[in-house]
Amino acid sequence: MFRRAYSTASSTPLLKTPLYNLHISLGGDMVEFAGYAMPVLYKGFSHIDSHRWTREHAGLFDVSHMLQQKISGKDVIPLFDKITPTDFKPLKPWHNQLSVLLNEEGGIVDDTIITKHDDDEHFYVVTNAGTRAKDQAFFKKYAEGLDVKFEVIDSTLLAIQGPSAQKVLQKFTNEDLSKIYFGNSKYIIVPGFNNAELHLARGGYTGEDGFEVSIPNDIAEDLAKALLEDPELKPVGLAARDSLRLEAGMCLYGHDLNDTITPVEGSLSWVISKTKRDPATAKFNGSSKILAQLADRSLVKQQRVGFQLKGPAAREGCKIFDVDSPEKQIGVVTSGSASPSLEGRINIGQAYIDRGYHKSGTKVLIEIRNKKREGVIAKQPFIAPKYYRE
Ligand SMILES: *[C@@H]1O[C@H](CO)[C@@H](O)[C@H](O)[C@H]1NC(C)=O
Ligand SMILES: CC(=O)N[C@H]1CO[C@H](CO)[C@@H](O)[C@@H]1O
């Protein structure tokens with residue numbers, strides 16, 4: 001059923017990640033995603049089973065379509081000060097932070113994970129695949145006249161997610177992974193693969209403990225195969241990736257966030273650092289609009305919320321109505337899925353809803369295939385995250 005959300009037919013040839021052949025040999029059902037051919041499911045492993053496997057054991061996800069860059073130079077922090085609402089000065093070396101890229105109207109150009117490497121002049125930045133060209137042009141525009149260098153990293157990016165992630169990966173390195181915590185990064189050596197160096201970040205998109213590992217393309221397929229020899233690890237496709245991230249309350253850019261939505265409307269106010277909240281000194285893109293919204297929430301017309309309902313899953317575009325006046329539209333669904341982790345055939349999703357209806361516990365009507373069904377606004381994440389914190 002999930003497959004219908006994707007198209008296989010495309011006028012332009014799809015891009016392939018370095019693991020394309022491996023996906024095919026593992027029985028990957030390939031669909032179009034952000035211009036790439038990506039596996040949605042693997043033969044013999046259902047959406048629900050692969051979702052649960054990740055929560056109970058570990059899943060391997062190919063996320064090589066994401067854009068990885070090294071951004072370096074004296075003016076990297078001044079650049080980030082213009083285009084993000086986050087203060088990267090206090091971030092410790094080898095730590096990362098979720099942030100957003102902002103246009104001058106305060107709209108979110110993309111969401112991003114930014115890692116500080118040795119010092120304030122060296123960063124590793126991961127942004128979304130679907131926004132690759134737009135993001136690169138955006139960075140270039142704001143870096144004009146600054147001492148900032150961009151280097152695209154052409155490597156394979158794998159996410160290993162789930163309670164067994166550390167055990168699976170530890171066999172390949174002498175680095176003590178138990179000392180690398182959520183939000184930390186490190187280069188690690190894999191002796192079995194010519195001492196190749198991998199960029200490791202602890203964290204992920206599923207709410208589970210896990211890692212994102214950037215791997216030189218020439219060893220990526222062999223390393224992925226070697227990892228998969230561990231029976232605890234199974235390859236997992238886009239279908240479960242979407243339901244896992246929804247349970248974890250994570251946004252999918254282009255669906256739950258876009259160019260016209262501010263971080264406050266997107267319920268991401270926490271990415272705005274305390275040091276960036278003074279309207280007298282803040283000078284990031286869109287700061288006047290964003291800080292005004294922070295100070296006076298009545299300026300926020302709609303905001304991102306989570307919801308739950310029983311019966312069929314709500315999909316992107318489903319309209320949301322007021323229970324007390326069912327003709328009055330109050331919102332729209334931006335993502336929806338079954339929630340394999342919650343008891344009792346519960347479906348979950350994210351929506352933008354008029355202020356006043358945004359509080360958890362508010363009953364709403366969600367129109368699915370011409371029938372209005374009762375749902376409820378609910379707090380995200382829907383599951384308790386299991387990040388490995390210090
Ligand atoms: C951005 O998202 C909002 C909320 O879903 C939607 O109303 C709006 O049409 C979207 N804008 C674009 C340009 O996609
Ligand atoms: C550095 C920069 O270009 N800042 C701009 C960001 O957006 C605001 C509008 O909210 C402009 O006034 C700034 O000049």
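On a predicted model such as this, the values are computed, not experimentally measured, just so you know. Order of appearance sets the numbers: ligands from 1, and atoms from 1 within every ligand.
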*Between H199 and H117, does the ring centre distance come in under 6.0 Å?*
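Yes, the ring of H199 comes within the 6.0 Å limit of the ring of H117, centre to centre.
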_Can you confirm if the aromatic rings of F182 and Y388 lie within a centre distance of less than 6.0 Å?_
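Between F182 and Y388, which both carry aromatic rings, the centre distance is not below 6.0 Å.
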Give the table of side-chain donor-acceptor pairs shorter than 3.5 Å for residues 303-311, with sequence neighbours excluded, one pair per line with atom names and distance.
from	atom 1	to	atom 2	distance (Å)
Q303	OE1	R355	NH1	2.7
R304	NE	G266	O	2.7
R304	NH1	Q350	OE1	3.1
R304	NH2	G266	O	3.2

Report all side-chain donor-acceptor pairs from residues 269-276 shorter than 3.5 Å, counting only partners two or more places apart or in another chain.
from	atom 1	to	atom 2	distance (Å)
S273	OG	D87	N	2.7
T275	OG1	D87	OD2	2.7
K276	NZ	D81	OD1	2.6

Which of the ligand 1 atoms, numbered from 1, are nearer than 4.0 Å to a heavy atom of [X]:
X    : result
T260 : 1 (C), 11 (N)
T334 : 5 (O)
Y352 : 4 (C), 5 (O)

_As a test of the contact definition, would atom 9 (O) of ligand 1 count as having a protein heavy-atom neighbour under 4.0 Å?_
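Answer no: nothing from the protein, no heavy atom, is under 4.0 Å.
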_Tell me whether T156 contacts the main-chain N or O of P18 through its side chain, where contact means a donor paired with an acceptor under 3.5 Å._
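Not at all, since once roles are kept as given, no pair shorter than 3.5 Å links the two residues.
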_Per atom 6 (C) of ligand 1, closest listed option by heavy atom (I353, I108, D259, N258)_ =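 Looking at heavy atoms only, the winner is N258.
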_Looking only at protein heavy atoms, which one is nearest to atom 7 (O) of ligand 1, and what is the separation?_
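Here the nearest protein heavy atom works out to V332 CG1, 4.9 Å.
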